[in-house]
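First the structure, in the form of structure tokens, and then the observations on it.
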Protein chains: 2
Amino acid sequence: MTDLNKLLTPLFLSDKEIRKIIELIFFSYRDFTSGPDEILYKINFGRAHHRVIYFVGKREQITIRNLLSILQITKQSLSRVLNQLVKEKYIIVSTGNDKRTKNLSLTKKGMELEEKLTTIQTKRIRNVIKNAKEDDINGFKKILYAMIDKNNQIQFDKLNM
Amino acid sequence: MTDLNKLLTPLFLSDKEIRKIIELIFFSYRDFTSGPDEILYKINFGRAHHRVIYFVGKREQITIRNLLSILQITKQSLSRVLNQLVKEKYIIVSTGNDKRTKNLSLTKKGMELEEKLTTIQTKRIRNVIKNAKEDDINGFKKILYAMIDKNNQIQFDKLNM
DNA sequence: ATAATTAAGTCAATATGACTGACCTAAATA
DNA sequence: TATTTAGGTCAGTCATATTGACTTAATTAT
């Protein structure tokens with residue numbers, strides 16, 4: 001950081017404060033994912049399964065291609081996870097109008113797991129929210145959104161249209 | 001969610017809104033770590049190396065034990081990563097007063113890498129901050145902190161004493 | 001002084017999540 | 001008809017993490 005920048009930078013932006021934010025992000029993310037991780041572990045699944053279940057639940061009838069573009073992983077990576085979920089009947093696959101495509105949907109079993117996993121994270125957020133000011137929550141959401149890359153903001157927007 | 005809870009829950013707390021927050025956390029964390037990941041990839045390191053370098057930089061002369069308690073991984077997991085960092089002279093090890101313990105510090109090379117990696121994340125945060133209101137940043141920090149488990153909040157506090 | 005605890009390390013096996021690269025099939029589109 | 005797109009598969013590799021069983025050396029408690 002140059003001397004000029006130091007002069008122009010308000011106190012709440014010091015490198016030390018930024019480092020605190022980096023740590024807050026690290027610790028909070030770790031704790032945020034720890035709940036679902038425990039449940040998944042018991043049924044021999046991992047975080048990758050959670051993500052697939054989450055986004056299939058979010059967008060029923062989603063194609064493989066769309067799912068890949070949200071997850072930003074290779075189809076080989078998705079393959080193992082998805083096949084397990086299909087084999088164990090959490091997800092059901094059907095053929096689309098375009099017969100090259102496949103549509104993924106949650107089964108009842110899949111919905112139940114999705115609900116269970118999401119509820120844990122929802123509870124954590126609700127606990128935080130009930131002790132916080134609405135302005136703080138809105139600040140939190142705004143900053144989180146601004147932290148996302150432009151192209152992924154678009155993806156987020158599409159996902160929530 | 002019970003009917004009573006629905007009545008008591010303000011609009012900004014709807015399940016749909018909470019799910020948006022879950023997604024914001026997922027997307028923002030992924031993009032937040034992507035910058036350092038790229039640099040680390042080029043020198044055959046991973047995210048685990050980043051974390052070790054970061055916290056050794058934060059707490060010079062840290063012991064293995066303390067580092068493990070921050071990272072919350074097993075010593076077998078740390079072992080491989082730390083040995084690589086020592087072998088490639090990013091970290092230097094010395095014996096503590098208690099001769100059972102070891103103290104870890106960054107070398108000049110280690111500090112340079114730490115700086116490089118942290119700068120990427122710092123830049124992202126600064127970019128967000130310069131277009132945001134101070135209240136939003138403070139809300140962001142408050143909520144992040146509240147999202148952390150009690151015992152890890154204590155760890156965060158200690159780390160920033 | 002001896003016993004117990006603590007800090008650190010090591011060996012081995014395993015699981016998960018991800019990757020690259022090279023192919024293949026079938027359907028849709030140019 | 002040729003090309004592109006959607007999806008799948010085989011093989012190999014790497015990174016991160018785990019459990020479990022042991023070892024060594026130093027410190028602390030009895």
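Each chain gets a letter, A, B and so on, in the order its sequence line appears, and its residues count up from 1. Keep in mind it's a predicted model, so treat the numbers as computed, not measured.
- A donor-acceptor pair under 3.5 Å is formed between the side chain of A:Gln121 and the backbone N or O of A:Phe32.
- Of the options B:Ile129, B:Ile125, B:Thr122, a side chain to side chain contact (heavy atoms under 4.5 Å, CB included) to A:Leu13 is made by B:Ile129 and by none of the others.
- Nucleotide D:dA15 holds its C1' atom 14 Å from the CG atom of B:Leu78, rounded to whole Å.
- Within the 3.5 Å criterion, the main-chain N or O of B:Pro36 finds no donor-acceptor partner in the side chain of B:Arg47.
- Computed from coordinates, the B:Asn44 CG to D:dT16 C1' distance equals 15 Å when rounded to whole Å.
- Residue B:Gln84 is out of contact with every strand shown, counting any heavy-atom pair closer than 4.0 Å.
- D:dT5 atom P lies 15 Å from atom CG of A:Asn66, rounded to whole Å.
- In this structure, B:Arg51 places its CZ atom 10 Å from C1' of D:dA17, rounding to the nearest Å.
- In this structure, B:Arg80 atom CZ and D:dT18 atom P are separated by 12 Å, rounded to whole Å.
- A donor-acceptor pair is defined here as one N or O able to donate and one able to accept, closer than 3.5 Å; no such pair exists between the side chain of A:Arg30 and the backbone of B:Ile148.
- Of the possible donor and acceptor atoms, none in the side chain of B:Thr63 sits under 3.5 Å from a partner among the backbone N and O of B:Lys102.
- Salt bridge status for B:Arg100 with B:Asp98: present, with a side-chain N to carboxylate O gap under 4.0 Å.
- The ring of B:Tyr90 has its center closer than 6.0 angstrom to the ring center of B:Phe45.
- Nearer to the 5' terminus of DNA chain C, by closest-nucleotide assignment, is the contact made by B:Arg65 (compared with the other of A:His49 and B:Arg65).
- In this structure, CZ of B:Arg47 is placed 11 Å from C1' of D:dA15, rounded to the nearest angstrom.
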| said: How would you summarise protein contacts on nucleotides 19-30 of chain D per nucleotide, using B for base, S for sugar-phosphate only and - for none, with heavy-atom distances below 4.0 Å? | reply: BBB----BS---
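- Using a 4.0 Å heavy-atom criterion, one finds that A:Ser79 contacts no nucleic acid atom at all.
- Taking the 5' to 3' direction, DNA chain C first and last meets chain A under 4.0 angstrom from a heavy atom at C:dT16 to C:dA28.
- Centroid-to-centroid, the aromatic rings of A:Phe55 and B:Phe26 come within less than 6.0 Å.
- Within the 3.5 Å criterion, the main-chain N or O of A:Ile62 finds no donor-acceptor partner in the side chain of A:Asn66.
- Between A:Leu67 atom CG and D:dA6 atom C1' there is a gap of 14 Å when expressed in whole angstrom units.
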